[in-house]
Amino acid sequence: MTEPPAEPQAHGVRIDAQPGHATISIGGTPLPPGTVTGYVVQHDIAAGLPTLILHTRQPDGTAFEGLARVAVGIPQTPASVIATFLREVDPVLLDQEALNRADYGGGPGATARAMLATLSEWAHTGGGT
């Protein structure tokens, strides 16, 4: 029995897409027309190679047997992403950082503006926890 590879193997992929039609080739071989119903290309620049997920139409009676990397994605709404971020914020640290900002000007809404500016910076840098 052959041992599975430690890391997934990369394949050369070419996608020629127009509205309503895409020709996808893997390793220089085009997939049969009508097999792919959709695709998703995901690329995290820090992670190196992109991931291609093909959504396929299988004829009746087709079965798959073999190794596969399986991923389950749970879509997040912007509201759920923001709510998760805010739950992780340390309120004491937010207070301190907002009140100690160089651009804290005082006056009506100054503390709220400073907190929103601090939260915005933390959202981009991963700070605040």
Side-chain angles (χ1 to χ4, degrees):
M1 181 171 181
T2 306
E3 289 296 316
E7 291 293 322
Q9 295 182 358
H11 299 278
V13 175
R14 180 179 174 89
I15 301 172
D16 292 316
Q18 302 81 35
H21 175 74
T23 300
I24 300 174
S25 300
I26 299 176
T29 304
L31 298 176
T35 303
V36 177
T37 60
Y39 64 91
V40 177
V41 178
Q42 180 178 347
H43 188 202
D44 175 2
I45 294 171
L49 292 173
T51 299
L52 172 64
I53 301 170
L54 299 176
H55 300 272
T56 62
R57 177 178 295 120
Q58 297 295 326
D60 289 340
T62 300
F64 172 81
E65 183 176 333
L67 299 175
R69 181 174 291 264
V70 177
V72 177
I74 300 171
Q76 291 186 320
T77 64
S80 65
V81 172
I82 292 167
T84 299
F85 168 74
L86 291 174
R87 276 193 299 275
E88 299 296 320
V89 170
D90 179 339
V92 174
L93 182 59
L94 176 59
D95 243 1
Q96 293 168 349
E97 293 291 321
L99 294 174
N100 290 324
R101 291 180 63 87
D103 60 354
Y104 184 82
T111 303
R113 276 193 304 279
M115 286 183 164
L116 290 170
T118 302
L119 288 169
S120 179
E121 290 169 5
W122 286 353
H124 291 285
T125 63
T129 57

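Computed over heavy atoms, backbone and side chain alike; hydrogens, waters and symmetry mates excluded.
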Under 4.5 Å between side-chain heavy atoms, counting indirect links through other Ile/Leu/Val/Met/Phe/Trp/Tyr residues: same cluster for Leu86 and Leu116 or not? no
Short question: side chain of Arg113, backbone of Tyr104 - any donor-acceptor pair under 3.5 Å? no
Are Ile15 and Leu54 in one and the same hydrophobic cluster, where Ile, Leu, Val, Met, Phe, Trp and Tyr link if side-chain heavy atoms are under 4.5 Å apart? yes
Can you tell if the side chain of Phe85 reaches within under 4.5 Å of the side chain of Val81, non-hydrogen atoms only? no
Check Thr118 against Ala98 and note the closest heavy-atom contact, atom names and distance. OG1-CA, 3.7 Å
Do Val92 and Val89 share a hydrophobic cluster (ILVMFWY, side-chain heavy atoms under 4.5 Å, transitive)? no
CG of Asp90 to CD of Glu97, rounded to nearest 0.5 Å, is 10.0 Å
Closest non-hydrogen contact found for Ala114 with Arg101 is O-CD, 3.5 Å
Whether over 12 other heavy atoms sit under 6.0 Å from Gln42 CD: no
Is there a continuous path of hydrophobic side-chain contacts, each under 4.5 Å between heavy atoms, that joins Met115 to Leu93? yes
Do the side chains of Tyr39 and Val13 get nearer than 4.5 Å, heavy atoms only? no
For the student: nearest non-hydrogen atoms of Pro30 and Gly28, plus distance: CD-O, 3.6 Å
side-chain contact (heavy atoms from CB on, under 4.5 Å) between Asp16 and His21, intermediate numbers included: CA-CA 8 Å; Asp16 292 316; His21 175 74; over 6 Å; no
